[in-house]
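Each remark here refers to the structure printed beneath this line.
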Amino acid sequence: MTGRLEGTVALITGGARGQGRAHAIRMAEEGADIVVTDLCEQLPFVPYAMGTREELDETLAEVEKRDRRCLAITADARDSAQMHDAIARTVNEFGRLDTLVVNHGIGLPHPVEEEASDEIFDAVVETNLTAVWRTVRAAIPHMKERGGAIIVTASAGGLVPLLGQPGYVAAKHGLIGLVKALAAELAPYWIRVNAVCPTCVATPMLHNQAIQTLFSGGKPDATVADIVFPAQAMNLLPVPWIEPEAVSHAMVYLASDEAKYVTGIALPIDAGMSNQPPGITPYIGQHLADAAS
Ligand SMILES: NC(=O)c1ccc[n+]([C@@H]2O[C@H](COP(=O)([O-])OP(=O)(O)OC[C@H]3O[C@@H](n4cnc5c(N)ncnc54)[C@H](O)[C@@H]3O)[C@@H](O)[C@H]2O)c1
């Protein structure tokens, strides 16, 4: 059976691990050749280990196991020159670029009154919003001739607020505006531009001490078990978080011809998070009743 992305080439930023790796594998399974990029370096303020070169090479090995070609490039998405180089290498090596998945990102709590909030806000916006703009701009000249798909990973936090992460929420809301603006501008070239908006996803960006402390209401040694209830309370469907592959399915759809008339959308993959009715949901109500009895 022919894969849904047979004969195409996809470049995925933030591909060392987490969702980026899952997208690389799923897209390879659908027949795409893959380029993965990652910073492979620790950024200031980020309170968990970021992707490494070793992890990026593991992604490459996973793609090759599926008999697809793969390039793994260390590149900082904030740096236009590095992204121009990565995309030029892609086109030199594979002859084309059909799909750009701008997935990289950082997520960290910084309450508005925290001492370093200004610096953290700037750092989050630079990586999660400005770097997306720079990466897309580097790709456009190579996609204009034959068209293609640009897919940006925003967040359910790009549709509704999250507590304690103002830079993240501002950047992710900004991404959705950027996607709509670019979809309008690039439509004449058959370049479709869309966003996906996941709820919490089981990756190191969620499963780390800083987020566990935030979600648990400030418990310094909170565990994964401590955040099951608060995470699940954010969603309508009875799950606290989703697996990266659930987002990859949407990536494949948006990259494929099945979505050839879809552009400018922000697709929630969010277990209903962005559709929560206001007030106390039955799930939270039951929890309160259990706690009181
Ligand atoms: N995990 C969640 O709960 C969740 C929920 C909604 C949206 N998201 C978004 O999904 C995307 C993927 O995150 P993830 O959950 O896989 O987390 P992750 O931390 O596992 O992966 C993110 C990757 O991006 C890389 N990266 C960060 N800054 C970079 C830069 N400047 N240049 C290149 N690479 C860089 C990191 O090194 C890391 O490998 C992010 O945009 C994130 O904001 C995550």
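Atoms within each ligand, like the ligands themselves, are counted from 1 in listed order. All values below were derived from every heavy atom in this structure, side-chain atoms included, with hydrogens, water molecules and symmetry-related copies excluded.
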Lys172: heavy atom below 4.0 Å from ligand 1, yes or no?
yes
Counting from 1, what ligand 1 atoms have a heavy atom of Ser155 closer than 4.0 Å?
6 (C), 7 (C)
Per-atom contacts of ligand 1 with Gly14, taking only distances under 4.0 Å to non-hydrogen atoms
23 (C), 24 (O), 25 (C)
Is there any salt bridge (Lys or Arg N to Asp or Glu O under 4.0 Å) pair reaching into residues 210-230, and which pairs are they, with sequence neighbours excluded?
Lys219-Asp226
Give the C-alpha distance, both sets of side-chain angles, the deciding distance and a yes or no for side chain to side chain donor-acceptor pair (under 3.5 Å) between Arg53 and Thr74.
CA-CA 7 Å; Arg53 181 67 217 192; Thr74 300; 2.9 Å; yes
Using heavy-atom distances, let me know which of Arg21, Arg17, Met50 sits nearest atom 19 (O) of ligand 1.
Arg17
Ligand 1 versus Trp241, non-hydrogen atoms closer than 4.0 Å: side chain, backbone, both, neither?
neither
Ligand 1 to Asp76 polar contact by distance, N or O atoms, under 3.5 Å
yes
For atom 5 (C) of ligand 1, which of Val46, Thr135, Thr199 has the closest heavy atom?
Thr199
Testing the basics here: between Ile191 and Gly147, what is the closest heavy-atom pair and its distance to 0.1 Å?
CG1-CA, 4.1 Å
Gly18 neighbourhood, listing ligand 1 atoms whose heavy-atom distance to it stays under 4.0 Å
16 (O), 20 (O)
Using a heavy-atom cut-off of under 4.0 Å, does the side chain or the backbone of Thr203 touch ligand 1, or both, or neither?
side chain
Counting only N and O atoms by type, is there a donor-acceptor contact under 3.5 Å from the side chain of Glu29 to the main-chain atoms of Arg66?
no
Pair Arg68 + Glu64: basic N to acidic O under 4.0 Å
no
Would you please test Thr199 and Asn235 for side chain to side chain donor-acceptor pair (under 3.5 Å) and show each step?
CA-CA 8 Å; Thr199 184; Asn235 297 332; 2.8 Å; yes
Please report the closest heavy-atom contact between Pro198 and Val201, naming both atoms and the distance.
CB-CG2, 3.7 Å
Sub-4.0 Å atoms of ligand 1 with respect to non-hydrogen atoms of Ala154
7 (C), 9 (C)
Which residue owns the protein heavy atom closest to atom 29 (C) of ligand 1, what's the atom, and how far is it?
Leu39 CB, 3.8 Å
Below 3.5 Å, N or O to N or O, backbone or side chain included: is there any such pair between Leu43 and ligand 1?
no
Short version for Thr37: what comes under 4.0 Å of ligand 1, heavy atoms counted, is neither
When distances are taken from atom 32 (N) of ligand 1, the protein heavy atom at minimum range is Ala77 N, 2.9 Å
Heavy atom of Pro204, distance to ligand 1 below 4.0 Å
yes
Do the charged groups of Glu245 and Arg26 touch, with an N to O distance under 4.0 Å?
no
Going by the 4.0 angstrom heavy-atom rule, the piece of Val201 near ligand 1 is both
Give the residue, atom name and distance (to 0.1 Å) of the protein heavy atom nearest atom 22 (C) of ligand 1.
Gly105 O, 3.8 Å
Ring-plane angle category for His287 and Phe229, please: parallel below 30°, perpendicular beyond 60°, tilted otherwise.
parallel
For Arg78, run the side chain to side chain contact (heavy atoms under 4.5 Å, CB included) check against Leu43, Thr135, Val132 and tell me which one passes.
Leu43
Looking only at protein heavy atoms, what sits closest to atom 6 (C) of ligand 1 is Pro198 O, 3.4 Å
Tell me which part of Ala156 gets within contact of ligand 1: side chain, backbone, both or neither, using heavy atoms under 4.0 Å.
neither
Taking only heavy atoms of Gly51, which atoms of ligand 1 are found under 4.0 Å from at least one of them?
36 (C), 37 (O), 38 (C), 39 (O)
Here the ring pair (Phe, Tyr, Trp, His ring centres under 6.0 Å) pairs for residues 204-223, sequence neighbours left out, are His207-Trp241
Quick one: look at Ala131 and ligand 1, take heavy-atom pairs under 4.0 Å, and tell me if it's side chain, backbone, both or neither.
neither
For Cys200, the atoms of ligand 1 under 4.0 Å from one of its heavy atoms are 3 (O)
Would one find an N or O of Tyr168, backbone or side chain, under 3.5 Å from an N or O of ligand 1?
yes
Of Val101, Ile106, Val102, the one forming a side chain to side chain contact (heavy atoms under 4.5 Å, CB included) with His104 is Val102
In Val196, Ile12, Leu267, the residue satisfying side chain to side chain contact (heavy atoms under 4.5 Å, CB included) with Met251 is Val196
For the pair Glu58 and Arg21, find out whether any cationic side-chain nitrogen is under 4.0 Å from an anionic carboxylate oxygen.
yes
Atom indices of ligand 1, in the order listed, that fall short of 4.0 Å to a heavy atom of Thr127:
28 (N)
Ranked by distance from atom 44 (C) of ligand 1, the top protein heavy atom is Gln19 NE2, 3.3 Å
Could you walk me through whether Gln212 and Asn208 pass the side chain to side chain donor-acceptor pair (under 3.5 Å) check?
CA-CA 6 Å; Gln212 282 161 204; Asn208 65 73; over 6 Å; no
If I compare all heavy atoms of Val36 with all of Gly15, which pair ends up nearest, and what's the gap?
CG1-CA, 3.9 Å
Heavy atoms only: which of Val124, Leu175, Asn103, Ile106 lies closest to atom 11 (C) of ligand 1?
Asn103
Closest protein heavy atom (residue, atom, distance) for atom 35 (C) of ligand 1
His104 CB, 3.6 Å
Among Ile12, Thr13, Asp38, whose heavy atom sits nearest atom 36 (C) of ligand 1?
Asp38
With a cutoff of 4.0 Å, is Ala75 in contact with ligand 1, counting heavy atoms of the residue only?
yes
Taking every heavy atom of Leu97 against every heavy atom of Ala139, the minimum-distance pair comes out as CD2-CB, 4.0 Å
